[in-house]
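Just so it is clear, the structure is predicted and the values come from calculations on it, not from any experiment. Sequence positions, counted from 1, serve as the residue numbers for this chain.
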Amino acid sequence: MSEGRREGASEGMTEGTNAAPKPATRTAANASTAENSCGTREKLLRGALTTLVEQGIAKTSARSVAAAAGVNQALVFYHFGSVDGLLAAACRYGAEQRVARYRDELRSITTLAGLLEFGRRMHAREREEGTVAVLAQLLAGAQSQPRLGPATAAGLDLWITEIEQVLTRVLDVTPLAGVADPAGLARAVAASFVGLELYEGADPAGAAHALDALEQLAALLTALDTLGPVARRALRMQVQRTLRR
């Protein structure tokens, strides 16, 4: 046996003494498996959202989602346990993606008028991309599939958290600071936006009229900023008395 071959054999025997694979080899294999699993999971989440838009919740099944995702339908149950479980996860996933997309814009808003203008822009973009259809399908599904209710609410809560931060910041410099409830108003804004999104499908002109009315309200609140200190205190006291009744 040549010297090179003897050295190679000797090295092989030394490495094989404990008969266990190198830790680095196991780590690489585990990382690859985790990466593939994560990739499949995301494909299914995206596939579920696509199926909801294109076929509606009535036709959303393990087979249709798997076809949209380009994977075996058994993986729906492997990763999510059921189709409902997948839809619940997809609801949150979709909301996380949308909120992340708009977070910087939301955090730059300094007026109520700015918040409404943002709402108009987002409304147009989301309707064009089909997100509104996803929300409509999930809300409809929640009526007959209770598991979707909390998941849909959790997705909406991501939006409500961001809107509450905007309202807290905006109202803090108005006569309504310390009087208005940003948390409650954030839920009212989110619920109104959802309602307008769905209502527009039946009456586009009516939905546009509603948005215009909200802008008038924002203009009224903006006008309050021009009040002097005495008038601002009087307004705040009047609002507080009205709320205590």
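- Residues meeting the side-chain hydrogen bond (donor to acceptor under 3.5 Å, both in side chains) test with Glu105, sequence neighbours left out: Arg121.
- Residues Glu126 and Arg101 have side chains in contact (heavy-atom distance under 4.5 Å, counting atoms from C-beta outward).
- The OG1 atom of Thr60 lies 6.0 Å from the CD1 atom of Ile57; values are rounded to the nearest 0.5 Å.
- In this structure Ser64 satisfies the side-chain hydrogen bond (donor to acceptor under 3.5 Å, both in side chains) test together with Ser61, sequence neighbours excluded.
- Here Arg169 contributes atom CZ and Leu115 contributes atom CG; the two are 9.5 Å apart, rounded to the nearest 0.5 Å.
- Applying the side-chain contact (heavy atoms from CB on, under 4.5 Å) rule to Ala186 yields the partners Ile160, Ile163, Glu164, Leu167; only residues at least two apart in sequence or on another chain are considered.
- Taking the side-chain hydrogen bond (donor to acceptor under 3.5 Å, both in side chains) definition, one finds that Ser192 meets it with nothing, sequence neighbours left out.
- The ring pair (Phe, Tyr, Trp, His ring centres under 6.0 Å) pairs that include a residue from residues 111-146 are Tyr102-Phe118, where partners are two or more places apart or lie in different chains.
- Shown here for Cys91 and Ala151, the closest heavy-atom pair between the two residues is SG-O, 3.3 Å.
- For Glu162, the salt bridge (charged side-chain N to carboxylate O under 4.0 Å, His left out) partners at least two apart in sequence or on another chain are Arg103, Arg107.
- Annotation: salt bridge (charged side-chain N to carboxylate O under 4.0 Å, His left out) contacts involving residues 71-92, sequence neighbours excluded, comprise Arg92-Glu96.
- Atoms CG and OG, on Asp104 and Ser108 in that order, are 8.0 Å from each other to the nearest 0.5 Å.
- Every pair tested for ring pair (Phe, Tyr, Trp, His ring centres under 6.0 Å) that includes a residue from residues 49-69 fails, sequence neighbours excluded, so the list is empty.
- Applying the salt bridge (charged side-chain N to carboxylate O under 4.0 Å, His left out) rule to pairs touching residues 43-68 yields Glu42-Arg46, sequence neighbours excluded.
- Scanning both residues, Ala180 and Leu171, for their nearest heavy atoms gives CB-CD1, 3.9 Å.
- Considering only heavy atoms from C-beta on, Thr50 stays 4.5 Å or farther from Val53 through its side chain.
- Counting only residues at least two apart or in different chains, salt bridge (charged side-chain N to carboxylate O under 4.0 Å, His left out) contacts with residues 202-214 comprise Arg120-Asp212.
- Tyr93 is not listed as a side-chain neighbour of Arg41, based on a closest heavy-atom distance of 4.5 Å or more.
- Between Leu49 and Leu45 the shortest side-chain heavy-atom distance does not fall below 4.5 Å.
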Please assess Leu44 against Val71 for the test side-chain contact (heavy atoms from CB on, under 4.5 Å), listing each intermediate value before the final yes or no. CA-CA 8 Å; Leu44 286 167; Val71 301; 3.6 Å; yes
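- Between Phe80 and Ala89, the closest heavy-atom pair is CE2-CB, 3.7 Å.
- The list of ring pair (Phe, Tyr, Trp, His ring centres under 6.0 Å) pairs with a residue in residues 168-195, not counting sequence neighbours, is empty.
- Each salt bridge (charged side-chain N to carboxylate O under 4.0 Å, His left out) pair with one or both residues in residues 150-160, not counting sequence neighbours, appears once here: Asp157-Arg187.
- Put simply, the side chain of Leu52 reaches to within 4.5 Å of the side chain of Leu138, judged on heavy atoms.
- Distance CG/Asn72 to OG1/Thr40: 10.5 Å, rounded to 0.5 Å.
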